[in-house]
Amino acid sequence: MKNMKKVIALSLLVLSGTAQAQRFDWATSGGYTGINNSFYGAIDLATDVQGNFYTMDVANGQQHCQGITAEPFSGYTTFIYKFDSFGVLEFINRVGAPDGGTFLAFNIETDEDGNLYLLGQPNGVNAVIVNNDTVPAAPNTNLLIRMDESGNYLWSVNTGFAGNGDGCMLQYHDGYLYYQSGNLSLSKVDTSGNVSDFSITASYYSSPTASQGIHFKGSTLLSNGDLVFAAYSRGTVAFGTDTLYHIGNPFLTAPVLLMRCDTALSLVWARYLSNARDPDQNFIPLATDADENIYTAVQVNDQMIIGPDTISNPENLFIGIGAVVKTDADGNGIWAKRIDNNGKALAWSMVRAENNSSVLIGGGFTGNAQIGPFTLSNGSNSKPFIATFNEEGTFTNAFNFLEEPTGTDVNCLAAAGNGNYLTGGKLQNFGSPELSCIPVESEAGFYLGRFSENPATVPVPTISITNMVLSANPPFAGEKQWYLNNTAIEGATEQSFTATEPGSYHVVYSYSTGCVGSAASDPVSFDPNAVENPLYSMFRVYPNPSTGVFFLKGLPEEGCTLELRNPEGGLLYRQKAQAGQTTINLSSYASGIYILTLISAADSRTLRLIRQ
């Protein structure tokens, strides 16, 4: 049986100006214990329509994950891992090279049919091995490989670009894969492996450095189908009528090129974000929001001016200040915000929140990082963080979730549906790694986890009352149990509860897995018979108690539905009642307490009938 350690991870959440942890519902790791032969960790993440997801790492030694083991080919080999939506490993596939060659993975994408697309580069060889298939390749030139959902080889395309990993952008959209095809060009290929006639190439490029071109390392989509690409440059470049001039020292700064194209790769516009630098990690993170604004994570190497904001970096020219830039759909700068007031946090990944109102970033921080109102504490080595900001650039959430080992930045983020997100990165082979409360295996490889906006530790609930309904706050995804007079109410396990009897009510929140714990609300005294509902302000029931017949007077004008239940909650009957007066005859029922609920389109009322 496959073994996976499911965990809950810590994060920080704005709650009345305080920080609180969030919840991971599973996590796993892979690699090889005690051998530092895994070089990048989880490089990228891609999900399919069934909720499965893929990641990849590069290693030159045996790898294992959840009881499955895979051996490398003769040199550095790319290992592809497929997991189901619960984080259970389905397979490990390999892409490598014969005769001591290597294959280094850069990017991974999926399509609507679950096919997998891998972009990487063979080094020193003219062939690669995809599982058991040997495929021709051009040495040191990016290769795009398609596999089916089981990891079987289907086709490959030589992209024509040799960038040693700098041209790592790959974007799937509407039946095509977009990729860098030359020092100054982008192309696309359909899902059958046919290279399109559509492409775009810069008409001019000049740099005082040894740079021969631009390097595309990010992409995102707009709602109308247009694509936005991100690259870094060290010179002056021209696309169409847009000529972009390098500002600053080209040996120290590398402006980020943002370029919007339609699906035929016709240029809409091109812009520079000046005085950035080439990113230290694989990608230039990009995301969009519901209003077609574009967000870019950058490293500022000198002084960046965007809209009304200026970010200066006079002291860390070789590291860069982590920042997020917002531009509109026409490429005009709106704002630029530092991620960390202390300059200690850098973002390597970005994804739009599923509620469309915010954006998540992930990366690494050293020392003590101040992200908005959140302080993340650390030592001298990097730790992972995830943060959320709104459309104004205000950070509303920030957390680190792995205390040890250090050197474990967030490499990648992906939306997983239903308010869940995936994250992954590199895992060192020392310490005792824990994502919150449950340890994962200490591997020299990668970690993966799925988190949500729910707290990792149990919050203390409070109770609010509306008419007959008791509601627990805040909303909670764990177990809930309502109590009456300190006795658990059978079946009362939802966020709210309709009270039918007077007494003392309280609710308990609990987690039975992960960060196990519970918290109880303060009790509230409540008598449902004392609630005056305006809809039933003229309603009366008499006599009560009764030997059998109850008269109901003052029913609402629009009529209502009557539901009668026994003390155990079993439905005895349901009937429509018109406005005015009606009767209920319980003469044939045993003596005891019965629950009558009056339901109208606007409201409801519940009361007890006592049959003598």
Side-chain angles (χ1 to χ4, degrees), residues 4-16 18-28 47 50-53 83-88 351-360 362 374 386-388 390 396-402 410 413-424 434-438 440 447-464 466 469-483 488-498 505-522:
M4 184 185 70
K5 297 189 175 180
K6 300 200 171 181
V7 302
I8 315 303
L10 292 177
S11 61
L12 299 173
L13 174 66
V14 175
L15 186 61
S16 302
T18 63
Q20 189 169 349
Q22 285 183 316
R23 182 177 178 88
F24 278 56
D25 58 11
W26 60 256
T28 190
T47 59
Q50 288 80 33
N52 305 306
F53 66 95
F83 299 84
D84 68 14
S85 60
F86 300 101
V88 177
V351 65
R352 184 166 83 176
E354 292 191 340
N355 60 13
N356 290 325
S357 64
S358 55
V359 176
L360 286 77
F374 308 103
I386 294 171
T388 304
N390 62 20
T396 58
N397 186 4
F399 60 93
N400 72 295
F401 53 88
L402 190 62
V410 170
L413 286 170
N418 299 317
N420 296 308
Y421 302 90
L422 300 167
T423 186
E434 284 193 7
L435 279 77
S436 186
C437 300
I438 301 177
V440 298
Y447 69 85
L448 293 172
R450 187 175 72 179
F451 66 95
S452 67
E453 296 294 334
N454 299 307
T457 54
V458 179
V460 177
T462 60
I463 297 176
S464 61
T466 303
V469 179
L470 310 182
S471 297
N473 299 289
F476 183 60
E479 295 86 23
K480 299 169 282 285
Q481 177 63 60
W482 289 90
Y483 289 79
I489 303 171
E490 184 177 357
T493 57
E494 302 299 328
Q495 199 69 45
S496 60
F497 173 70
T498 300
Y505 288 87
H506 75 276
V507 64
V508 173
Y509 285 175
S510 62
Y511 282 138
S512 58
T513 61
C515 293
V516 175
S518 63
S521 71
D522 291 334

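None of the values given here were measured: they were computed from a predicted structure.
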Show the nearest heavy-atom pair for residues [X] and [Y], with the distance to one decimal.
| X | Y | value |
| --- | --- | --- |
| Asp84 | Asn52 | CA-OD1, 3.3 Å |
| Gln481 | Ala488 | NE2-CB, 3.9 Å |
| Ala520 | Val508 | CB-CG2, 3.8 Å |
| Gln495 | Pro474 | NE2-O, 3.3 Å |
| Leu360 | Ala353 | CD1-CB, 3.7 Å |
| Leu422 | Ala416 | CG-CB, 3.9 Å |

Plane angle bin for Phe401 and Phe24 - parallel if under 30°, tilted between 30 and 60°, otherwise perpendicular: tilted
Aromatic ring pairing Tyr505/Phe497, orientation class (parallel under 30°, perpendicular over 60°, tilted between): tilted
Mind checking the [atom1]-[atom2] spacing from [X] to [Y]? Nearest 0.5 Å is all I need.
| X | Y | atom1 | atom2 | answer |
| --- | --- | --- | --- | --- |
| Phe83 | Arg450 | CZ | CZ | 13.0 Å |
| Thr28 | Phe86 | OG1 | CZ | 15.0 Å |
| Ile386 | Thr423 | CD1 | OG1 | 4.0 Å |
| Ser518 | Tyr509 | OG | OH | 13.0 Å |
| Glu494 | Trp482 | CD | CH2 | 11.0 Å |

Note, Val88 side chain near Trp26 side chain (heavy atom, < 4.5 Å): no
Side chain to side chain, Phe374 and Asn400, heavy atoms closer than 4.5 Å: no
Exceeds 12 heavy-atom contacts within 6.0 angstrom, atom CG of Asn355: yes
Among Pro459, Ser464, Ser521, side chain to side chain contact (heavy atoms under 4.5 Å, CB included) partner for Asn473: Ser464
Check: Tyr421 side chain, Glu354 main-chain N or O, donor-acceptor pair, under 3.5 Å: yes
